[in-house]
Amino acid sequence: MNYWLMKSEPNDFSFEDLRKSPSRKTHWDGVRNYQARNFMRDKMKKDDLVFFYHSNCAEPGIIGIARIIKEAYPDHTAYDPQDKHYDQKSDPQNPRWFMVDISYERKLKRTITLSELRKYSDDQLKDLTLLRRGNRLSITEVSNDEWSFILSLEHSDD
DNA sequence: GCCAACGTTGGC
DNA sequence: GCCAACGTTGGC
């Protein structure tokens, strides 16, 4: 079982949007970065848990938990010229881009903000990929220890 | 809105 | 294969 962190801009698709989706699930389409694709295609497994992170917003941070409910399959939006993430070079016979399905698990009692996570960047979270300088990857791995530590913050005062 | 970081593209 | 130009991400 692996743990993940997935970013989403709440203006685009928020954790609340996931909660309101039919059956509280969605496909994670539109990923067009090879490293993020490789994580989805090669390492994400059904039932893995995901920190849902809000980026590019007033209070960036982890807002809730989602679950992988379907492993990687071709991202059909890559073949749709009308789609924002259309990729002319993607061939259905040899898919380049993949997506997974995720479902809403639960909202955290409080948002664990980026600035709060940074307080531990020299110690418990020193290897957290999200905190690496300049990291823009939309899907990153979270270790078992990092997952437990971040969850332990949920019930602390700040 | 600014801008640093960084992935991708394409000319050579 | 190098690398400059360009586009995107995302915190602030």
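In what follows, chains are A, B, ... by sequence order, proteins preceding strands, each numbered from 1. Since this is a predicted model, take the numbers as computed values, not measurements.
Here C:dG10 presents its P atom at 7 Å from CD of A:E9, a figure rounded to the nearest Å. Look at CG on A:L137: it is 8 Å from P on B:dG7, rounded to the nearest Å. Protein atom NE2 of A:H54 is 16 Å distant from nucleotide atom P of C:dT9, rounded to whole Å. Rounded to whole angstrom, the span from the CG atom of A:L114 across to the C1' atom of C:dC12 amounts to 11 Å. Computed from coordinates, the A:N33 CG to B:dA5 C1' distance equals 14 Å when rounded to whole Å. As rounded to whole Å, 16 Å separates atom C1' of B:dC6 from atom OH of A:Y34. When rounded to the nearest whole Å, the span between CZ of A:F13 and C1' of C:dT9 equals 20 Å. The distance between atom CG of A:D87 and atom P of B:dT8, rounded to the nearest whole Å, is 12 Å.
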A:I65 and A:L108: CA distance, side-chain angles, deciding distance, side chain to side chain contact (heavy atoms under 4.5 Å, CB included) verdict: CA-CA 7 Å; A:I65 296 175; A:L108 296 186; 4.0 Å; yes
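One finds no side-chain N or O of A:K7 lying less than 4.0 angstrom from the OP1 or OP2 phosphate oxygen of C:dT9. The shortest distance between the side-chain N/O atoms of A:Y53 and the OP1/OP2 oxygens of C:dG11 is below 4.0 Å. Between A:R32 and C:dT9 there is no side-chain polar atom (N or O) within less than 4.0 angstrom of OP1 or OP2.
Checked against the 6.0 Å centroid criterion, the rings of A:F51 and A:Y3 do not qualify as a close aromatic pair.
Considering A:V142, A:D145, A:L130, A:L117 as possible partners of A:L125, the one that fulfils the side chain to side chain contact (heavy atoms under 4.5 Å, CB included) test is A:L117. None of A:F98, A:W4, A:F52 except one satisfies the ring pair (Phe, Tyr, Trp, His ring centres under 6.0 Å) rule with A:W28; the exception is A:F52.
Both A:N56 and A:R132 sit near DNA chain B, but only A:N56 has its closest nucleotide nearer the 5' end.
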